[in-house]
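A short worksheet on the structure shown next.
Note that the coordinates shown come from a computational prediction; the quantities given were computed from them, not determined experimentally.
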Amino acid sequence: MANTPIISGTPRLRLTRPGFDPRLQPVVPLPPGTILPQDALSEDFIRRAFRQGGSWQVEPLLAELFDAHGLRQPGLVHAAVFMPLVQRLDGLHVLFTRRATHLSDHAGQISFPGGRIEASDRDPIAAAIRETQEEVGIDPVYLDFIGTQPSMLTSTGFTMTPIVGAIRPGFSMRPDPSEVAEVFEVPLSVLMDPERHSLHRAVLPDGTDRLYFSMLWEEHFIWGATAALIRNFYRFLQAAAGR
């Protein structure tokens, strides 16, 4: 699910308007970030950070997107996404999907598995796991909950709750071609490298502007809400590592 953020609780013009290319928007200079220690990129460290629940702040440039008051607006649709960590020989990787090109919303964009929370879902965790099974075809027995990150608002009227979890060894995938064009992985070390985080400013037709992050991996351009959640996860690990 890849959605574009909104500011101050009122949906603004979407960045995904026809003809908009997120790759071509001006890049805004960012203060240098701190490099995370290697052990902060391990599953043990991440689990311990969630258990300890230390104090940390969301990305300051995106703080309004995570405003608790805005998340309580009437009429919002509640959704959840699964941020799947996969252990590989070279370290943890993060699993992403590329949305099918025929979809009416966010076609071809990079996202985490996820979708709206249904009445039958016990909580956002159950919704994220169900959606991962439906979209990617991973049996829930292989999906292990680790922790929850702050929810954010999107321009499409959703509150999106990110669920961080691990995919246990031995899993298989059967992506649903009606929703998913591709499933791929990115090393967590790449995503958590602040030197790979770019900040863009887009001027909207109404004269306002919008800031959004992006990360590039091979041919995949990760941006919008998905990149915002990655940036927040970096802030979380940065605080847990004392950096």
Side-chain angles (χ1 to χ4, degrees), residues 1-18 20 22 58-59 62-84 95-138 140 143 145 147-165 175-181 183 202 204-206 208 210-213 222-233:
M1 178 178 181
N3 292 304
T4 306
I6 65 175
I7 300 292
S8 301
T10 303
R12 302 174 66 192
L13 295 176
R14 296 168 61 177
L15 291 179
T16 49
R17 65 186 184 276
F20 177 82
V58 299
E59 167 56 50
L62 305 177
E64 289 182 300
L65 307 182
F66 299 87
D67 176 63
H69 175 73
L71 293 172
R72 292 193 293 268
Q73 293 180 83
L76 291 174
V77 177
H78 299 286
V81 296
F82 197 71
M83 299 176 63
L95 184 144
F96 295 89
T97 67
R98 181 168 59 84
R99 290 171 60 81
T101 56
H102 64 263
L103 295 175
S104 57
D105 288 322
H106 313 292
Q109 289 190 28
I110 305 305
S111 66
F112 294 115
R116 72 173 60 216
I117 301 172
E118 304 291 352
S120 58
D121 293 319
R122 181 182 67 257
D123 53 27
I125 301 169
I129 290 175
R130 174 184 54 77
E131 286 283 346
T132 301
Q133 181 184 25
E134 292 175 1
E135 291 183 12
V136 187
I138 300 176
L143 303 177
F145 168 72
T148 302
Q149 293 267 273
S151 300
M152 70 178 292
L153 293 167
T154 75
S155 64
T156 46
F158 282 82
T159 68
M160 186 167 60
T161 301
I163 306 300
V164 179
D176 180 356
S178 69
E179 295 191 61
V180 176
V183 179
L204 303 179
D206 65 354
T208 61
R210 181 80 56 79
L211 294 175
Y212 62 91
F213 279 91
I222 304 168
W223 71 287
T226 303
L229 299 184
I230 294 169
R231 180 70 178 187
N232 245 17
F233 193 52

> Got a donor-acceptor contact below 3.5 angstrom from the T226 side chain to the I110 backbone?
Replying inline: yes

>> Once side-chain hydrogen bond (donor to acceptor under 3.5 Å, both in side chains) is applied, do any residues pair with T148, and if so which ones, sequence neighbours excluded?
In response: none

> Can you check whether V164 reaches F112 side chain to side chain, under 4.5 Å on heavy atoms?
Replying inline: no

> What residues, two or more places apart in sequence or in another chain, satisfy side chain to side chain contact (heavy atoms under 4.5 Å, CB included) together with E59?
Replying inline: L61, L62, F213, R231, N232, R235

>> How long is the straight-line distance from CD1 of I163 back to OG of S151, given to the nearest 0.5 Å?
In response: 7.5 Å

>> Restricting to non-hydrogen atoms, name the atom on G165 and the atom on F82 that form the minimum distance, rounded to 0.1 Å.
In response: CA-CZ, 3.6 Å

> Distance from I117 atom CD1 to E131 atom CD, nearest 0.5 Å?
Replying inline: 9.5 Å

>> Can you list everything that forms a side chain to side chain contact (heavy atoms under 4.5 Å, CB included) with P175? Sequence neighbours excluded, please.
In response: M173, V180, V183

> Would you say F233 and Q149 make side-chain contact, with heavy atoms under 4.5 Å?
Replying inline: yes

>> Measuring from atom CZ of F158 to atom CG of L153, what distance do you get when rounded to the nearest 0.5 angstrom?
In response: 12.0 Å

> Who pairs with E134 by salt bridge (charged side-chain N to carboxylate O under 4.0 Å, His left out), at least two apart in sequence or on another chain?
Replying inline: R130

>> Could you report the tightest heavy-atom contact between L229 and M160, atom names first, then the distance?
In response: CD1-CE, 3.9 Å

> Got a second to check how far I125's CD1 is from L143's CG, nearest 0.5 Å?
Replying inline: 12.5 Å

>> So, using side-chain hydrogen bond (donor to acceptor under 3.5 Å, both in side chains) as the criterion, who are the partners of D176 when residues are at least two apart?
In response: S178

> Which pair of heavy atoms, one from P150 and one from P162, lies closest together, and at what distance?
Replying inline: O-CD, 3.3 Å

> Does some side-chain heavy atom of I230 sit less than 4.5 Å from a side-chain heavy atom of F96?
Replying inline: yes

> How long is the span from the CD1 atom in I129 to the CD1 atom in I138, to the nearest 0.5 Å?
Replying inline: 11.0 Å

> Which pair of heavy atoms, one from Y212 and one from G224, lies closest together, and at what distance?
Replying inline: CD1-N, 4.4 Å

> Looking only at heavy atoms, which two atoms of A227 and I222 are closest? And how far apart?
Replying inline: CB-O, 3.9 Å

> Looking at CD of E135 and OG of S111, how far apart are the two atoms once the value is rounded to the nearest 0.5 Å?
Replying inline: 6.5 Å

